[in-house]
Protein chains: 2
Amino acid sequence: MKEGPDIARIAALIGDPARANMLTALMTGKALTATELAAEAGITGQTASSHLSKMDDGGLLRVRKQGRHKYFSLANDDVATVLEGLMGLAAKTGHLRTRTGPKDAPLRKARVCYNHLAGDMGTRMFDAFIAQGYLRTTGEALELSPMGEDFMRRFGVDLDGLRRAKAPLCRECLDWSARRSHLAGSVGRALLTRFEDLGWARRTAGSRVVTFTRQGERQFLTEVIGALR
Amino acid sequence: MKEGPDIARIAALIGDPARANMLTALMTGKALTATELAAEAGITGQTASSHLSKMDDGGLLRVRKQGRHKYFSLANDDVATVLEGLMGLAAKTGHLRTRTGPKDAPLRKARVCYNHLAGDMGTRMFDAFIAQGYLRTTGEALELSPMGEDFMRRFGVDLDGLRRAKAPLCRECLDWSARRSHLAGSVGRALLTRFEDLGWARRTAGSRVVTFTRQGERQFLTEVIGALR
DNA sequence: TTCATACTTCGACCATAGCCGAAGCATCCG
DNA sequence: CGGATGCTTCGGCTATGGTCGAAGTATGAA
């Protein structure tokens, strides 16, 4: 009658309607902010905060702070698997939810995130760097491979100068609209600056939109993304 | 914020400590009675009854009534899989429980269950019939195949006579000690009678123990179980 | 039949925990 | 520097639901 691998503790966490709604919302794989999750569950921010910290303590969630936002995602695949299984058991109606992200098309496509490139073009660039082996994620950190360093130098990024500053070269940043990672850190900032210097893109005054020229976008695709092959 | 495949409903069912204890106890694959499960969870019979009916309604359990006992087992593999996953998430200490069944060795080996053979020899016979294709489970029912009928006739069971009675020929009966199925119904009863007639076994007076003679047990193994090959 | 056992139902108690309003930090923006 | 936004903490309200005692039903044993 005693003991227990506390399967009850975990199940009870999932068992609350509000929390279950949040978790199913996260099943899309996208990270969501506390406020969005609150709306998803139909509760106020205070209550959501309490729920989210409980699920975090329970190991169900992964949390990333981004400025004044807090992005939540499922902790790992095991969590998703269990949720999937529970949905199977609940053999009920279909589900899907989440209404997320900016509606402004230009914003979704390319925008500045603090000082680096975000939006669709930002995440595509990040993915390309990873696929090409220029960037490696080592645990929580993110680092340039020798090939990556070479690319950056050829592209006109002053790596040595950046290294002299104390700021981290590469950081992973969670994208607001795509909800995937893009490249932050001093290298990310330098790249955006370089795009502007090359005349490929320019920031729109009073907005976060980054506008690429037709020519600039073509060059971006071939010389950065296209570096893939 | 609305809708939902009610993953919360199911998870909440598992999320109660008492219910979680019962479910983990059932993870051994053995069926347990309501009283045993109550002891397992450390609660009274009334409370257990409420929990068990809820889990049954929720589709987590399979229930079989046996006289004044009610045997519970997990509804299916999916339930077990989810529980397994939850245990993984709860990544905690080991677990195991259940203290079940009779301690009397002869009783465990072979005994009468109402009027048919139960215990280890009973379940082995049942398994052999299934493996050999003599018995088939069609949904909830249990029926003899033509080959099975042939075997029964050769073994001296008056199938035609039994058929004239209204009682079901074959029924599945949950074994008390092994907690697995054995053969009940008029055929099950006829088989035990036949074992006695053949001098293979006899019931012990004032007890449920069935004693096989050394010779009888050998013949049982070769001519019934051994019919497997 | 009578007694014992297994389970269920009813009713009431009470603790847990979800919920929100209000107030407090932290961060970003102009 | 304010002012706005996102999140957290605190306090108190309330409802859900787990719990058991007592009484009821069903089955098996003597």
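In what follows, chains are A, B, ... by sequence order, proteins preceding strands, each numbered from 1. None of these values were measured; they are calculated from a predicted model.
Distance B/Gln66 CD to D/dA26 P: 19 Å, rounded to the nearest Å. Taking atom NE2 of A/His69 as the reference point, atom C1' of D/dT8 lies 16 Å away to the nearest angstrom. One atom, CG of A/Leu13, and another, C1' of C/dT16, lie 14 Å apart when rounded to the nearest Å. When rounded to the nearest whole Å, the span between CD of B/Glu36 and P of C/dT5 equals 16 Å. When the P atom of D/dG18 is taken as reference, atom CG of B/Leu37 falls 16 Å away, rounded to whole Å. The interatomic distance linking A/Ile14 (CD1) with C/dA17 (P) rounds to 16 Å, in whole Å. Taking atom CD1 of residue A/Ile43 and atom P of nucleotide D/dA15, one finds them 19 Å apart after rounding to whole Å. Remark: P of C/dC29 and CZ of A/Arg68 are 7 Å apart, rounded to the nearest angstrom.
For the pair A/Glu217 and A/Lys109, the salt-bridge criterion is met [side-chain N within less than 4.0 Å of a carboxylate O].
The side chain to side chain donor-acceptor pair (under 3.5 Å) test applied to A/Thr47 returns A/Thr44, not counting sequence neighbours. Among residues two or more places apart in sequence or in another chain, the salt bridge (Lys or Arg N to Asp or Glu O under 4.0 Å) test is passed with B/Arg163 by B/Glu149. Taking A/Thr213 as the reference, nothing meets the side chain to side chain donor-acceptor pair (under 3.5 Å) condition, with sequence neighbours excluded. Qualifying side chain to side chain donor-acceptor pair (under 3.5 Å) partners for B/Arg136, counting only residues two or more places apart in sequence or in other chains: B/Glu143.
Interatomic distance, A/Phe72 CZ to A/Leu61 CG, rounded to the nearest 0.5 Å: 7.0 Å.
Near DNA chain C, defined here as any heavy-atom distance below 4.0 Å, the residues from residues 46-56 of chain A are A/Gln46, A/Thr47, A/His51, A/Lys54, listed numerically.
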Side-chain donor/acceptor pairs under 3.5 Å, residues 185-199 of chain B, sequence neighbours excluded:
unit_1   : atom_1 : unit_2   : atom_2 : d
B/Ser186 : OG     : B/Pro168 : O      : 3.4
B/Thr193 : OG1    : B/Arg189 : O      : 2.9
B/Arg194 : NE     : B/Phe155 : O      : 2.8
B/Glu196 : OE2    : B/Arg203 : NE     : 3.4

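Projected onto DNA chain C by closest heavy-atom contact, A/Lys65 and A/Ala12 fall at different nucleotides, the more 5' of which corresponds to A/Ala12.
For D/dT27, the OP1/OP2 oxygens have no side-chain nitrogen or oxygen of B/Lys70 closer than 4.0 Å. The phosphate of C/dC20 has OP1 or OP2 within less than 4.0 Å of a side-chain N or O from A/Thr44.
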